[in-house]
Amino acid sequence: MALSSKRSSTNFITAIINPRQWRLLDLITLFFFFLVAIFFLMAFTHFGDSLAASGRNTLLRSSDPRHRLRLVSAIENGEPRGGGGFLDACSAEEVDHMPCEDPRVNRLLSREMNFYRERHCPRHIDTPLCLIPPPKGYRIPVHWPESLHKIWHDNMPHNKIADRKGHQGWMKREGQHFIFPGGGTMFPDGAEQYIEKLAQYIPIRDGVMRTALDMGCGVASFGGYLLAQNMLAMSFAPRDSHKSQIQFALERGIPAFVAMLGTRRLPFPAFGFDLVHCSRCLIPFTAYNATYFIEVDRLLRPGGYLVISGPPVQWAKQDKEWSDLQAVARALCYELIVVDGNTAIWKKPAGKMCHPHQNDFGLALCDDSDDASQAWYFKLKRCVTRTSSVKGEYAIGQIPKWPERLNTVPPRSTVMKNEAHLYEADNKRWIRRVMHYKKSLHIKLGTPAVRNVMDMNDKPSTLDVIYDRGLIGLYHDWCEPFSTYPRTYDLLHATNIGSLIKDPTSGESRCSLVDLMVEMDRILRPEGTVVVRDTPEVIEKVARVSEAVRWKATIYDKEPESHAQEKILVATKTFWKQ
């Protein structure tokens, strides 16, 4: 003991004399206290929970696919699992995550024709099975129609648009809300006044036009105020991590989705829109041999109107671009209705197809065999779509006015083979079903609580018929995430949900029901509703998955008039927090 004490004393004195060794001991002591601090941070704060959730997600992303398959199987079969049977929450950083528009992935891709800003989806087996949490302070959204004018700030606390565009009337912060005066860059005095200006040249009010496409829509005030004129606009803009334009539009209750006019056709059928609108959308319509103008022409109904406000229309230092734009329109026989300041309005010919005149853009007609409505991951063509490629009388002036067109048999209803009685029977069947949903299942259809509705369908393509009726939609593959932000729909409806994930030829599942329902949960608002019609066996499986994604589900009988062997599941997404 005496020897040991002597050595200890000697070492202590040596340490005092040797400052280099003293610094080493000091670092060791500081490191020890740092570890203790980290322990308390991880064990007793929300940061630790967030980091743990992030770690679980990372592990799941990189884990053996067999582990994921076992988890999916356990959920679908209702096997007991840990954690209360629920899927884990994703990390707090994922509150606004869109898997197919992830800037961490897209920034590594080619910028040619904005390819990097289009959809680029991960394989479902590479995505974590976790549930997107709401942001801190999230509230049930303001109901329609009040939401057109204001939303809760904390539901999407992104201030850049308000800071940068407030003077143009886009939006501004007022206390707990963002408010929307209705302005835009090209109409700072408000969309209503701008629409009044357009109505001097376009038949907006008398039912002649119904469907509109608003490109590069900002927060979609133009589409929101068109609703008062009984016009229904589909608005789109690319994902912007700083501005979240589409997220604001959907929170307001205006139809919108995330998209970029880049290398592919937009996911719509041919000749579906009565009006195509661009207000400072900055799309280079004449670039790449006028490829983008050709795509607009594919989407615009014969006799429809094209409105471009802002560059390059009579814009400083863009004389060539403005001249080229007029030249392309003339080559396709578009009638220039007016140039009013920086706003130009053209009308597409409604009669016999215009053969492109001799031009500097190499414009030519597509082959008769071209399927003009093929548009899901379909590359843009550098030829002009023939109106003869789509059968029927669907030009403006030939198609019935709104609202008569809603219930008139659509002229290009190839699925119905022009059999009016089949179309009318299907219409009556859905009238009965909706009444059953409202009266017997107590779904809040027709109330301010239900505004954004998604009908998930995988039947033979009827999207052209939907547009001819004066309604809107887009193509989508439900084994991929939808191009929208989380928490953007009040009601999701699916008939024959299994068909959404099966290969129509082989009948094999291309993804799992769990994958689909996790995506449905992502886009559904807290306290939103899901309605699924299917066979009793499938409904039982859906109910088991509903428990894992924290939905409260009830199974009902079908309406008495139905002869199908099916049940109806109605589920509510619970409002849970991390």
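The first residue of the sequence shown is numbered 1, and numbering continues consecutively from there.
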Taking the six-membered ring for Trp, are the ring centroids of His436 and Tyr556 within less than 6.0 Å of each other?
-> no
Can you measure from [atom1] ([X]) to [atom2] ([Y]) and round to the nearest 0.5 angstrom?
{"X": "Asn457", "Y": "Thr495", "atom1": "CG", "atom2": "OG1", "value": "7.5 Å"}
{"X": "Glu146", "Y": "His177", "atom1": "CD", "atom2": "NE2", "value": "7.0 Å"}
{"X": "Leu441", "Y": "Met435", "atom1": "CG", "atom2": "CE", "value": "12.0 Å"}
{"X": "Lys391", "Y": "Arg412", "atom1": "NZ", "atom2": "CZ", "value": "13.0 Å"}
{"X": "Phe236", "Y": "Cys281", "atom1": "CZ", "atom2": "SG", "value": "7.5 Å"}
{"X": "Ile161", "Y": "Met171", "atom1": "CD1", "atom2": "CE", "value": "5.5 Å"}

Is there a side chain to side chain contact (heavy atoms under 4.5 Å, CB included) between Met231 and Thr211 once you walk through the steps?
-> CA-CA 6 Å; Met231 287 194 66; Thr211 57; over 6 Å; no
Would you say the side-chain atoms of [X] pair up with the backbone N or O of [Y], donor to acceptor, closer than 3.5 Å?
{"X": "Asn77", "Y": "Glu79", "answer": "no"}
{"X": "Asp426", "Y": "Leu422", "answer": "no"}
{"X": "Glu295", "Y": "Leu266", "answer": "yes"}
{"X": "Arg522", "Y": "Phe482", "answer": "yes"}
{"X": "Asn155", "Y": "Arg139", "answer": "yes"}
{"X": "Arg301", "Y": "Gly272", "answer": "yes"}
{"X": "Trp376", "Y": "Pro267", "answer": "no"}
{"X": "Glu118", "Y": "Thr263", "answer": "yes"}
{"X": "Arg451", "Y": "Glu251", "answer": "no"}
{"X": "His120", "Y": "Phe115", "answer": "yes"}

Please check if atom CD in Gln565 has more than 12 non-hydrogen atoms from other residues, nucleotides or ligands closer than 6.0 Å.
->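 Open: at most 12 neighbouring heavy atoms sit under 6.0 Å from CD of Gln565.
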Does NZ belonging to Lys558 count more than 12 external heavy atoms closer than 6.0 Å?
->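 Atom NZ in Lys558 is packed in, count exceeds 12.
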Give every residue pair that meets the side chain to side chain donor-acceptor pair (under 3.5 Å) criterion with at least one member in residues 482-493, sequence neighbours excluded.
->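 Every pair satisfying side chain to side chain donor-acceptor pair (under 3.5 Å) with a residue in residues 482-493: Asp96-Arg487, Glu101-Ser483, Arg119-Ser483, Tyr437-His493, Asp455-His493, Thr484-Thr488, Asp490-Arg525.
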Apply the test ring pair (Phe, Tyr, Trp, His ring centres under 6.0 Å) to residues Phe268 and Phe257: give CA-CA distance (whole Å), side-chain angles for both, the deciding distance (0.1 Å), then the verdict.
-> CA-CA 12 Å; Phe268 305 114; Phe257 77 112; 5.8 Å; yes
Going by an N to O cut-off under 4.0 Å, is there a salt bridge joining [X] and [Y]?
{"X": "Glu76", "Y": "Arg70", "result": "no"}
{"X": "Glu566", "Y": "Arg533", "result": "yes"}
{"X": "Lys502", "Y": "Glu508", "result": "no"}
{"X": "Lys136", "Y": "Asp154", "result": "no"}
{"X": "Glu424", "Y": "Lys428", "result": "no"}

Hey, does [Y] have a side-chain heavy atom less than 4.5 Å from the side chain of [X]?
{"X": "Tyr475", "Y": "Ser373", "result": "yes"}
{"X": "Ser499", "Y": "Asn496", "result": "yes"}
{"X": "Met456", "Y": "Leu500", "result": "yes"}
{"X": "Asp102", "Y": "Pro122", "result": "no"}
{"X": "Arg68", "Y": "Thr127", "result": "yes"}
{"X": "Arg117", "Y": "Asn106", "result": "no"}
{"X": "Pro103", "Y": "Arg239", "result": "yes"}
{"X": "Pro141", "Y": "Ser147", "result": "no"}

Does the side chain of Arg252 come under 3.5 Å of the side chain of Ser221 through a donor N or O and an acceptor N or O?
-> yes
Do Glu480 and Tyr377 get their side chains close enough for a donor-acceptor pair, meaning under 3.5 Å?
-> yes
Please state whether the sulfur gamma atoms of Cys511 and Cys479 sit closer than 2.5 Å to each other.
->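 A disulfide, yes.
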Start with the C-alpha gap between Leu213 and Leu275, add the side-chain angles, then the distance that decides, and say whether side chain to side chain contact (heavy atoms under 4.5 Å, CB included) holds.
-> CA-CA 6 Å; Leu213 179 65; Leu275 169 68; over 6 Å; no
Assign the ring pair Phe178 / His153 to parallel, tilted or perpendicular, where the plane angle (0 to 90°) is split at 30° and 60°.
->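 Because their plane-to-plane angle lies in the 30° to 60° range, the rings of Phe178 and His153 count as tilted.
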Who passes salt bridge (Lys or Arg N to Asp or Glu O under 4.0 Å) against [X], sequence neighbours left out?
{"X": "Arg107", "answer": "none"}
{"X": "Arg265", "answer": "Asp370"}
{"X": "Arg544", "answer": "none"}
{"X": "Arg210", "answer": "none"}

Which residue pairs pass the salt bridge (charged side-chain N to carboxylate O under 4.0 Å, His left out) test with at least one member in residues 211-222, sequence neighbours excluded?
->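 Applying salt bridge (charged side-chain N to carboxylate O under 4.0 Å, His left out) to every pair that reaches into residues 211-222, excluding sequence neighbours, yields nothing.
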Arg405 to Trp402, cation-pi by 6.0 Å centre distance and 45° axis angle |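 Geometry flag: not set, cation outside 6.0 Å or 45°.
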With [X] via side chain to side chain donor-acceptor pair (under 3.5 Å) - residues at least two apart:
{"X": "Lys552", "result": "none"}
{"X": "Asp477", "result": "Arg510"}
{"X": "Thr447", "result": "none"}
{"X": "Ser512", "result": "Asp515"}

Note: Ala237 and Ile246 closest approach over all heavy atoms is N-CD1, 3.5 Å
Looking only at heavy atoms, what is the nearest atom pair of Met517 and Val542, with distance?
-> CE-O, 3.5 Å
Under 3.5 Å, which donor-acceptor pairs do the side chains of residues 568-577 form with other protein atoms, sequence neighbours left out?
| unit_1 | atom_1 | unit_2 | atom_2 | d |
| --- | --- | --- | --- | --- |
| Lys573 | NZ | Asp521 | O | 2.7 |
| Lys573 | NZ | Leu524 | O | 2.7 |
| Thr574 | OG1 | Arg550 | O | 2.7 |

Who passes side chain to side chain contact (heavy atoms under 4.5 Å, CB included) against Arg111, sequence neighbours left out?
->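 For Arg111 the side chain to side chain contact (heavy atoms under 4.5 Å, CB included) partners, ignoring immediate neighbours, are Tyr116.
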